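These notes are about the structure you will find just below.
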Amino acid sequence: MNLPDYVEARRRTKSKVDIEMYSNDIKGIGIGKTYHIKTYGCQMNEHDSENIKAILEELGFTYCEDYESSDLVLLNTCSIRENAHNKAFGMLGRLKHLKESSNPNLIVGLCGCMAQEEGVVKEIISKYKWVNFVFGTHNLHRLPYLLNENFKSNKSEIEVFSYEGNIIEGMPVKRDSKYKAFVNIIYGCDKFCTYCIVPFTRGKQRSRLKEDIISEVEQLVRDGYQEVTLLGQNVNAYGKDLELGYGMEELLEEVSKTNIPRIRFVTSHPWDFTDGMIDVIAKHKNIMPAIHLPVQSGSSSVLKLMGRRYSKEDYLTLFSKIKEKIPNVSISTDIIVGFPSETEEDFKETVELCHFCKFDNAFTFIYSPRENTAAAKLKDDTPLRVKEQRLNQLNDVVNKYFLENNKKLIGEYVPVLVEGISDKKNELYGYTDTNKLINFKGDESLIGKIVRVKVTDAKTWSLDGELDER
Ligand code: 5AD
Ligand code: SF4
């Protein structure tokens, strides 16, 4: 048994830890069995699930749409807010019932960020003994070994590493899309924003080598992919741990040269967003003019308590620079309301900032205290009811601007990567260069292609359009 350990998880060392790849003799243990995986949380988790699916299929498992009739159910969990936690525990409750009623041989595994939490693993050991195995974010590659042990002994296996290993190149991957791909560029985060659990669950900042990233993107180009999203908790810090003399600016430049038609990247911390990066984005047509730039709060004093390392003014300066230098750029953001000690005045500053920035999209949250984070120790006397009012008020403001920005596009021609058929019959859907969802009529053969669409109508969260057949 290897349990999560926050002291270890907080440590930032330069030492490398050797990893053990799984041996070939375990291949085949899944033959004749089915699996289902539920993924919660961010794109990093979605991409981890793509690796996990490939590992399971290499072991012989086949995917089953319906979790109730699967032999193995894996929950790839998220720790970011309490509701993500509750969802996973709710699902565990349903799985327990399933195991007790109709599927006694069901194998249940829990992985992802919650597996890195000391409190969660303690709870699993004491109250969820029937969970067959738990593994963390640093040891996906150990899944075959854990499953094999579980098959042999039928005992619960818990293996969570709180130190992170070397980056494992060449992990198998079963991508969910044939046109868009996630490519990890940096793992972990060293920012330690005071509300955030990620630096504990995902470990220290570790960048992949530029050569490995480029060869992955080149392969994707050969496979016909149209879009890559470069992934990291804080992509702008890319390269800082490597000391090889290159960072995000140079990486974007290199990825651009692969001629992949579309490049996106998430998530950017304003602190590490350099002028050089803005220039590179502005210069290359295949780097999409859509930037996710979480502000978190419009009050400098709250930002300070959050440990964000920038003031409201710093954010606005960066924001204006990006708007000025990148034509037609869309900027989206994340905002937390109800952070401990946030006053009505602080909140008003957040609302004002939103009136100024007119974001194209915004993900808004009520602050959720997370185990072991610095903010969890702060006094928080704002009633939940007030926090909910603030969230509603903020949502009304930001939604108004989503619609207003979308309406400005009516009559324009926009490039769209067609992704599939929407729920509305006979309509294709896809995303514009500025990351807006658009629905329009067209032939299925266009799926996976980039086409020109004229915007005919605008809603808060999507556009309608007509295919430009010329
Ligand atoms: N409570 C509420 N929201 C949070 N986020 C991160 N941690 C918390 C928390 N403890 C939000 C931030 C971040 C996004 C991914 O989730 O806005 O940018
Ligand atoms: Fe969390 Fe801050 Fe790191 Fe983002 S930059 S993952 S909010 S600690």
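Since the structure is predicted, the reported quantities are computational estimates derived from the model, not experimental observations. Just follow the structure's listing: the first ligand is 1, and inside any ligand the first atom is 1.
Scanning all protein heavy atoms for the shortest distance to atom 7 (S) of ligand 2 gives Y195 OH, 3.4 Å. In this structure, atom 18 (O) of ligand 1 lies nearest to the protein heavy atom D334 OD2, 2.6 Å. Shortest contact from atom 8 (S) of ligand 2 to any protein heavy atom: C193 N, 3.4 Å. With hydrogens left out, the protein atom closest to atom 7 (N) of ligand 1 is Y195 CD1, 3.3 Å, a heavy atom. Ranking protein heavy atoms by distance to atom 12 (C) of ligand 1, first place goes to Q296 OE1, 3.4 Å. Ranking protein heavy atoms by distance to atom 5 (N) of ligand 1, first place goes to R81 NH1, 3.4 Å. Considering only non-hydrogen protein atoms, atom 4 (Fe) of ligand 2 sits nearest to Q233 O, 4.1 Å.
In summary, E82 and R370 do not engage in a salt bridge, as defined by a charged side-chain N under 4.0 Å from a carboxylate O. Salt bridge present: E57 and K174 bring a charged side-chain N and a carboxylate O closer than 4.0 Å.
In this structure, Y187 has its ring center no closer than 6.0 Å to that of H138.
Close contacts between ligand 1 and Y367 involve ligand atoms 1 (N), 2 (C) [criterion: under 4.0 Å to a heavy atom]. Close contacts of ligand 1 with I336, meaning ligand atoms under 4.0 Å from a residue heavy atom, involve 3 (N), 4 (C), 5 (N), 12 (C), 17 (O). Heavy-atom proximity to V198, at under 4.0 Å, picks out these atoms of ligand 2: 6 (S). Those atoms of ligand 2 that come under 4.0 Å of a heavy atom in H269, given as number and element, are 5 (S). Within the listing of ligand 2, atoms 8 (S) sit less than 4.0 angstrom from a heavy atom of F192.
Relative orientation of the F339 and Y367 rings is perpendicular, given thresholds of 30° and 60° on the angle between their planes. Classification of the F133-F135 ring pair by plane angle, with boundaries at 30° and 60°, yields parallel. By the 30° and 60° cut-offs, the orientation of the rings of H36 relative to Y63 is parallel.
When atom types are taken as modelled, the side chain of D176 and the backbone of E50 share no donor-acceptor pair closer than 3.5 angstrom. The main-chain N or O of G298 is found under 3.5 Å from a side-chain atom of T350 such that the two form a donor-acceptor pair.
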Next on the checklist: Between S49 and T39, does the side chain to side chain donor-acceptor pair (under 3.5 Å) criterion hold? Intermediate values first, please.
Outcome noted: CA-CA 7 Å; S49 286; T39 309; 2.8 Å; yes
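Judged by the 6.0 Å and 45° rule, K312 forms no cation-pi pair with F356.
Remark: distances from the non-hydrogen atoms of T373 to ligand 1 are all 4.0 Å or more. At a 4.0 Å cut-off, at least one heavy atom of R308 sits close enough to ligand 2 to count as contact.
In terms of heavy atoms, G239 sits closest to S207 at N-OG, 2.9 Å. The nearest pair of heavy atoms linking N234 to I186 is O-CG2, 3.9 Å.
Residue contacts with ligand 2, taken as heavy atom pairs separated by less than 4.0 Å, involve P199 solely via side-chain atoms from C-beta onward. The residue V198 has no part lying near ligand 1, judged by heavy-atom distances below 4.0 Å. With a heavy-atom cut-off of 4.0 Å, C189 touches ligand 2 through its side chain alone. The proximity of F365 to ligand 1, defined as any non-hydrogen pair under 4.0 Å, is limited to the side chain.
Within the 2.8 Å limit, C196 places no N, O or S atom next to atom 2 (Fe) of ligand 2.
Relative to atom 2 (C) of ligand 1, the option among T194, V295, I80, I366 with the closest non-hydrogen atom is I366.
Checked options F363, F359, F265, F273; the residue passing with H292 is F363 (criterion: ring-ring contact (aromatic ring centres under 6.0 Å, His included)).
Remark: ligand 1 and S368 share an N or O pair separated by less than 3.5 Å (distance only, no angle test). Between R370 and ligand 1, not a single N/O pair is under 3.5 Å apart.
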